[in-house]
Amino acid sequence: MEPIAMAIKFSDLSPAEQQEYRERMRHSAAHVLAEAVTKLFPGALLTIGPPIDDGFFYDFAVPEPFTPEDLAKIELEMRESIKANTEFVERETSRDEALELVRDNPYKVEILEGIPADERVTFCSHSDGAFEDLCRGGHVERTGDIRAYKLLSTAGAYWRGNENNTMLQRVYGTAWESRDAQKEYLQRREEAEKRDHRKLGRALDLFFFDPIAPASPFFLPKGAQVLNSLIGYVKELYQKYGYQEVMTPQIFNTDLWRKSGHLEAYAENMYFVDVDDREFGVKPMNCPAAAMLFQADARSYRELPMRLADFGRLHRNERSGVTQGLFRVRSMVQDDAHIFCTFEQIGQEISAFLEMLAESYGALGLEGHRFELSLRPEKRVGTDEMWDQAEAILTELLDNSGQAYTAEAGEGAFYGPKIDIFVPDALGRDWQLGTVQLDFSLPERFDLEYAAEDGTRKRPVVIHRAMYGTLERFLGVLIEHLAGAFPLWLAPVQVVVVPIADRHNDFCRTVGEKLRAKGLRVEVDDSSDRMNSKIRQAQLKKVPYMLVAGDREIEAGAVAVRSRTGEDLGAKPIDEVLELLIEQVATRH
RNA sequence: GCCCUAGUGGCGCAGUGGUAGCGCAACUGAUUUGUAAUCAGUAGGUCGGGGGUUCAAAUCCUCCCUAGGGCUCCA
């Protein structure tokens, strides 16, 4: 590949060209980093150094991990190369020569051996050959074209991402076409940190964690209120879309998990308890319980589709290093439901689900989500015919939905294909929320049957589905999207009534009672603080509305309405305010 | 699970071998105030847990627990 020069201004490039340019610059920065590390740590072995979103990294095999001080030194060393403004040069070599050059580096040898026979093998250098790296190419013209860069962090990373391999030391950095662009990016990161749901969870009194129950949130009254409002909304949708709610036990005799296959495939993530010499497993999923409910009676085709919703609490013993705030917990609730239906009903069921999902995401203004279709994996149950048909149905539905999606071959569960919905957090990391999965296995394992119209006994299909998925995770993503400012219908405290002086307290309490009687969540701040302070408190807690009352308002039977955006909506009669609030809650605005 | 970093009153932090501190919050009193912080006082900590070094440990060593960043983006 030919180097790209900064011959024209970055801002004149098309978005695609800008993307390309940044990738080249970041990849080039990774090379400069690699050279700096080689100079400072002579024994370090180079492995890979690709551009990534917003930056680059390079993985090194070194005996000792890098310290923060090392990082500073490396950054200074990089400055020298960039100041020198030397040219990036690529040269093609024979395989034999390449092998000779990387002989002492098993990682590079492995990379080299992985290059297809019909591809060129190239090395690149930006220091007149003094430092060379096996490289596919794609650079800027000169080191000086890396206008802004910064090393951000170090981390351990397995070679090839496989935990059975050696752990390498990764250095993360960022690089930009200008100092301003970099500054903007770093500020964006800082802003994102302010939205971190773990910080806001504390600040807004929503939840906390304690080592006594690792990775298991304690929801404070306000956090529980938000979750319950969400669940209430989901229940409304269930009513509309024909679901029935069920409740099932928390722990089951291990026999059930043996039957469902979880004991074999999922035991390491489960909690077990021994009671009276019998072993029980705490449920990590609701599916087997749903299957038992289906089996509880002789089923007819007339009952299908049967949609059973279960908000049961689940426990999964996630590996210690992967838990993360509310995003990945060990104790959770899902808006989970299982649909038992005929094969012919799959299409309409999933279609209705996608409709309900769009409705619910729309209600929360969730943007930036993407769909992923996961197709058959190597190891699977069910016939090829079933997979052919099921995949065709899902593909057609997605095509017709107009929703952009990606199809991932081999990513499906062993028991069926699925569609996952991913939503990014404040830092742009994607999290799977919604999902709809076909299951060809559960009906077999539980020998589920229904009486068909012609009197024969047939096997139903099971569809697992959730819109918000794990509600803990969903809440985390939602907090970051909204920066903690919940819409009125979700806000744990919807209104704070603020008396200006003590003599206004009684009036404000009356206002509070009036709103509360209509189902609004109201607090009256009758503390001895000044009004300014009360407003500030309410602002910090992101309460949607503050109703201020002093002599003037009492005289008029009104309250002065202030929104958390700082907007002064003026004095309004209490009944009018009440009506506005109720309307806003009802329409979920 | 693995690598790095961290753990000090409810929360946010300072304190690197010699008497545990600050801000916010809490509590008490005073103040009664017009849209983001009124003033004064009081109380609160076995410094994540165990073991060790030392005359002396929040501080040094060691094991464990928990949290944060990262571990599929290929030369």
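Below, chain A is the first sequence line, B the second, and so on; all start at residue 1. Bear in mind the structure is a predicted one, so any value in this text is a computation, not a measurement.
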More than 12 heavy atoms of other residues, nucleotides or ligands under 6.0 Å from [atom1] of [X]: yes or no?
X      : atom1 : value
A:E97  : CD    : yes
A:K542 : NZ    : yes
A:K150 : NZ    : no

So what does [X] hit on the nucleic acid, given a heavy-atom distance under 4.0 Å: a base, only sugar-phosphate, or nothing?
X      : answer
A:Y172 : sugar-phosphate
A:R552 : base
A:E110 : nothing
A:S320 : base
A:A157 : sugar-phosphate

What's the closest nucleotide to the [X] side chain, out of [options]?
X      : options             : result
A:R536 : B:C71, B:U32, B:A36 : B:A36
A:N532 : B:A36, B:G69, B:A67 : B:A36
A:S528 : B:U32, B:C3, B:G1   : B:U32
A:M167 : B:C2, B:U38, B:G34  : B:C2

Counting only Watson-Crick or G-U wobble pairs whose two distances fall under 3.5 Å, which nucleotide matches [N]?
N     : result
B:A26 : B:U42
B:A67 : B:U5
B:C55 : B:G18
B:A37 : none

key: Under 3.5 Å donor-acceptor pair, A:Y158 side-chain atoms to B:G70 base atoms   =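 By the distance-only test, no, there is no pair.
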
request  = Would you please say whether a donor-acceptor pair under 3.5 Å links the side chains of A:D420 and A:T435?
outcome  =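 A pair is found: one side chain offers a donor N or O, the other an acceptor, under 3.5 Å apart.
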
query = Are any of A:R202's side-chain N or O atoms less than 4.0 Å away from OP1 or OP2 of B:C11?
reply =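 So the side-chain polar atoms of A:R202 do come within 4.0 Å of the phosphate oxygens OP1 or OP2 of B:C11, strictly under.
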
request  = Would you give the length of the straight line joining atom NE2 of A:H31 to atom OH of A:Y58, rounded to the nearest 0.5 angstrom?
outcome  =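 Reported to 0.5 Å precision, the distance equals 6.5 Å.
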
